[in-house]
Amino acid sequence: YVETPCTACDGDGLVVAATEHEVEIPAGIHDGQRIRIRGAGHAGPRGSAPGDLYVEVTVAQMEGVHRDGDDLHVLADLTMTEAAAGTTVDVPTPEGPLEVEIAAGVQPGDVIRMKGRGMPSLERVRRGDLNVHIGVRIPRKLTPEQRLKVIALEEELGREPYAVAEG
């Protein structure tokens, strides 16, 4: 017979309580991965060692950036004149906007690979790549005068500028 029994633990000698833990999230971790913190779980029964705490990581999606492993994919959406003449564009990355130089004559669907500008790898020292996919916007509406100018430019250019580069 216990004269003053504990009502909080029901005789187990343990009380469930919420605690906070500061967890270091390594750069490059993937969505859904777990981090194990040894000995930070529930206390073991009758004085045995405490269990482990598992933290499941949810990585927020960044608008305009798609992650594939350690590689990142972004879209550079150019006008037809920017694609023909070349330009510089800012693309989103987790570290902030990155200025990318686009060469004249880039084609829709081309991919500019920037080695080592993707996510850090958890297992290795290297980083993934940043892949800038090229999209080209064509005007949907032209005035009759603009249409004539585009046709005149096409006639002036001829077929040679459209030749496929051998590589």
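The first residue of the sequence shown is numbered 1, and numbering continues consecutively from there.
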inquiry  = One pair to check against side-chain contact (heavy atoms from CB on, under 4.5 Å): Val132 and Val111. What are the steps and the verdict?
reply    = CA-CA 5 Å; Val132 181; Val111 178; over 6 Å; no

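- When all heavy atoms are compared, the tightest approach of Asp90 to Pro97 is CB-CB, 4.3 Å.
- Remark: the backbone N or O of Ile134 is not paired with any side-chain donor or acceptor of Asp110 at under 3.5 angstrom.
- Taking the charged nitrogens against the carboxylate oxygens, Arg127 and Glu95 do have a contact shorter than 4.0 Å, which makes a salt bridge.
- A distance-only check finds no donor-acceptor pair linking the side chain of Asp129 to the backbone of Asp71 [under 3.5 Å].
- Geometrically, Arg34 engages Tyr54 in a cation-pi contact defined by less than 6.0 Å to the ring centre and at most 45° from the axis.
- In plain terms, the two heavy atoms of Glu101 and Ile112 that are nearest each other are O-CD1, 4.4 Å.
- For the residue pair Gly69 and His30, the shortest heavy atom distance occurs at O-CE1, 3.2 Å.
- Salt-bridge formation is detected for the pair Arg137/Asp77: a Lys NZ or Arg NE/NH1/NH2 atom is positioned less than 4.0 Å from an Asp or Glu carboxylate oxygen.
- A side-chain donor-acceptor contact under 3.5 Å links Asp52 to the backbone of Gly39.
- Closest approach of Leu72 and Pro94 over heavy atoms only: CD1-CD, 3.6 Å.
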Criterion side chain to side chain donor-acceptor pair (under 3.5 Å) on Glu154 and Tyr162, from CA distance to verdict = CA-CA 10 Å; Glu154 177 76 11; Tyr162 294 99; 2.6 Å; yes

inquiry  = Could you walk me through whether Val136 and Thr79 satisfy the side-chain contact (heavy atoms from CB on, under 4.5 Å) test, starting with their C-alpha distance in whole Å, then the side-chain angles of each, then the deciding distance to 0.1 Å, before giving a yes or no?
reply    = CA-CA 5 Å; Val136 178; Thr79 66; over 6 Å; no

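- Across Ala76 and Val89, no two heavy atoms sit closer than the pair CB-CG2, 4.1 Å.
- With Gln146 contributing its side chain and Pro144 its backbone, the two residues share no donor-acceptor pair below 3.5 Å.
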